[in-house]
Protein chains: 2
Amino acid sequence: MTTNLNTFTGEFSYTVDTKGRVNIPAKFRKALSADNEDTFVITRGMDPCVWVYPIVVWQKIENDLKNLSSLSAINRTFVRNTVRYATPLIYDGQGRIQLTTNLINYAGLDKKTLIIGMVNKIEIWNPDRLKEIDKKNMKIDSTAYDDLAEKIII
Amino acid sequence: MTTNLNTFTGEFSYTVDTKGRVNIPAKFRKALSADNEDTFVITRGMDPCVWVYPIVVWQKIENDLKNLSSLSAINRTFVRNTVRYATPLIYDGQGRIQLTTNLINYAGLDKKTLIIGMVNKIEIWNPDRLKEIDKKNMKIDSTAYDDLAEKIII
DNA sequence: GATTATTACCCACAACTACCCACAATCTAT
DNA sequence: ATAGATTGTGGGTAGTTGTGGGTAATAATC
C-alpha cells in the first residue's frame, strides 16, 4: 500500500453535470478504507465550498456531537448547524456522487469545479470563488501563514 | 552502505519525455529507505521548481497538517495550498516518475532538466530558471549568504 | 389517481494512464 | 580490454477514468 488510507492530496478539475453529479477522483476512491463501504458524507464547508468526509471520519464527529449536553443553547445551535446540511452518499458505478441542490447553491457550483484533497477530507470548489477567498485570507493574515510554513515545511 | 538513507546530494541532467516522465537518478533511488516502498511525493517548491520528498518524510508534514484546527481560515488556506499540488508516485520499472501537467507548467519544465539533491528532498529545475533565480537571490542577499557560510562550513 | 419531476442504474465512448518491451549508452568487474 | 550488468530514453498497447446520455423506478404535485 502506497498512499495512506483516508488521506487525500492533490487537486483535480471536474465538471458537475446537468444532473448535479460530480466524479470523485479515482485516487480518492482508492484511498478510501474498506470500512467506509464506498460512502462519503457531504456537508457545508466553513469556506463557501462542499466538504466531503469518509463516513467513518464523519462518524467520529457525530460521536463528539452526541456527547454535547443539550441543556446549553449554544450546544444545540452548534449541533444543528453541523448536522443539518450533512448527507451520506454512496458513489455510483462510474465513481460519481449526487450533490444536493442546497450544497450546489451554497458553494456556487456551476459546471467547472476544483476538487482538492485536504488530508483527512475533500473540498469541492467553484474555482473562481477559491481564488477570491484565497487572496482575501492571504491579505488579512500573511504573517500567520508564514509562521505556519516555517513550522511545518521541511 | 555508503550513502545516508533519505539523504540526497549531487546534481544530474535528465530529460522530461513527451509523456511527462523524468528519471530519478539511480543514486537517489538507492538512497531511499525501504519503508518508502519506492514512493516519492512531488509538489510545488517555494522556488519555481518541483519538490520531491520521500513519502515517509512527507507523511511527517501531513501529520502536522492534520493537527491544525480547521476553525481558523488561515490554517485552512495553508493546508489547502500545501496539499493541493502534492501527488504520491511510485517510480516505474525504469526508475521514472510521471509528473503532473500542473507541476510541469509551474516549474516551466521543457525537455532538459536539472535534478538537484537538497539533503532531505530533491528539486527538479528548468536549468535556465535556476540560473535566473540564483543570480537574483545572490544580488539581494549576498551578506546573509556569507553569514550562513561562516556558521556552517567547517 | 394521473401527471410530472426526480432519482437510481445502465450503457457508450473518447481521452488518458499504467505497464510492458526495446535499445543505446554507460558503468563494473574480471 | 572485454563481457555483462545497469541506466537513461523512447514508444506500443491494454486497461482505466471522466463524461454524457437513456431508461426504468420512485417520489412529488395537483
Side-chain angles (χ1 to χ4, degrees), chain A residues 1-3 8-32 37-42 50 52 87-105 109-117 122 124-127, chain B residues 1-3 8 10-32 37-42 50 52 55 85-105 109-117 122 124-127:
Chain A
M1 187 65 46
T2 41
T3 48
F8 312 99
T9 66
E11 162 182 297
F12 306 84
S13 289
Y14 286 138
T15 64
V16 185
D17 67 19
T18 47
K19 295 179 182 175
R21 300 174 296 188
V22 236
N23 217 309
I24 298 291
K27 279 185 187 163
F28 290 176
R29 291 189 321 250
K30 284 178 187 158
L32 255 198
E37 293 171 10
D38 302 341
T39 309
F40 289 99
V41 171
I42 60 172
V50 178
V52 185
T87 316
L89 290 173
I90 305 174
Y91 54 77
D92 70 14
Q94 279 73 255
R96 294 171 292 194
I97 54 172
Q98 172 77 47
L99 299 176
T100 64
T101 40
N102 193 306
L103 288 176
I104 290 176
N105 294 337
L109 298 181
D110 174 40
K111 273 285 193 194
K112 295 267 145 258
T113 61
L114 221 48
I115 302 190
I116 302 180
I122 299 162
I124 304 177
W125 282 87
N126 173 327
Chain B
M1 186 65 48
T2 40
T3 50
F8 313 100
E11 163 183 301
F12 305 85
S13 290
Y14 286 135
T15 65
V16 186
D17 68 19
T18 47
K19 294 181 181 175
R21 299 173 297 190
V22 237
N23 217 309
I24 298 291
K27 277 185 188 164
F28 290 177
R29 292 190 319 252
K30 284 177 187 158
L32 255 198
E37 293 173 14
D38 302 340
T39 309
F40 289 99
V41 170
I42 59 171
V50 178
V52 185
I55 190 155
Y85 305 109
T87 315
L89 291 173
I90 305 175
Y91 54 77
D92 70 14
Q94 281 73 254
R96 293 171 293 193
I97 54 172
Q98 171 78 48
L99 299 176
T100 64
T101 41
N102 193 307
L103 289 176
I104 290 176
N105 294 337
L109 298 181
D110 174 39
K111 275 283 189 195
K112 295 269 145 256
T113 61
L114 220 49
I115 302 191
I116 302 179
I122 299 162
I124 304 177
W125 281 89
N126 173 327

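Residue numbers begin at 1 in each chain, while the letters A, B, ... track the order of the sequences.
Straight-line distance from the CZ atom of B:R96 to the P atom of D:dG8: 11 Å, rounded to whole Å. What separates CD of B:Q94 from C1' of C:dA25 is a distance of 15 Å, to the nearest Å. The nearest whole Å value for the distance from the NZ atom in B:K27 to the C1' atom in D:dG8 is 15 Å. Note: OH (A:Y91) to P (D:dG18) measures 11 Å, nearest angstrom. Between the CD atom of B:Q98 and the C1' atom of C:dC19 there is a distance of 12 Å, rounded to whole Å. Between the P atom of D:dG18 and the NZ atom of A:K30 lies a distance of 9 Å, rounded to the nearest Å. In this structure, CD1 of A:I97 is placed 15 Å from C1' of D:dT19, rounded to the nearest angstrom. Here D:dT19 presents its P atom at 12 Å from CD1 of A:I24, a figure rounded to the nearest Å.
Counting only heavy atoms from C-beta outward, the side chains of A:F40 and A:L32 approach each other to under 4.5 Å. A 4.5 Å side-chain heavy-atom check between B:S13 and B:L114 finds at least one atom pair inside the cut-off.
Contact record, A:T15 with A:K112: CG2-NZ, 2.7 Å, taken as the closest heavy-atom pair. Listed here is the closest heavy atom pair of B:R96 and B:D17: NH1-OD2, 3.8 Å. Across every non-hydrogen atom of B:G95 and B:N23, the tightest pair is O-OD1, 3.2 Å. The two residues B:V22 and B:L99 make their nearest non-hydrogen contact at CG2-CD1, 3.4 Å.
Residues B:D92 and B:F12 each lie close to DNA chain D; by heavy-atom proximity, the contact nearer the 5' end of the strand is made by B:F12.
Between A:T101 and C:dT6 there is no side-chain polar atom (N or O) within less than 4.0 angstrom of OP1 or OP2. Within the 4.0 Å cut-off from OP1 or OP2 of D:dG20, at least one side-chain nitrogen or oxygen of A:T15 is found. Residue B:K111 places none of its side-chain N or O atoms closer than 4.0 Å to OP1 or OP2 of D:dT9. Contact annotation: A:R21 does not reach the phosphate of C:dC9 (side-chain N/O to OP1 or OP2, under 4.0 Å).
In this model, a side-chain donor or acceptor of B:K19 finds a partner on the base of D:dG12 within 3.5 Å.
Using a 4.0 Å heavy-atom criterion, one finds that B:D17 contacts the sugar-phosphate atoms exclusively.
With sequence neighbours excluded, the residues that form a side-chain hydrogen bond (donor to acceptor under 3.5 Å, both in side chains) with B:Y91 are B:D38.
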Sort me out a list of protein N/O and nucleotides 24-26 of chain D N/O pairs below 3.5 Å, or just none if empty.
none

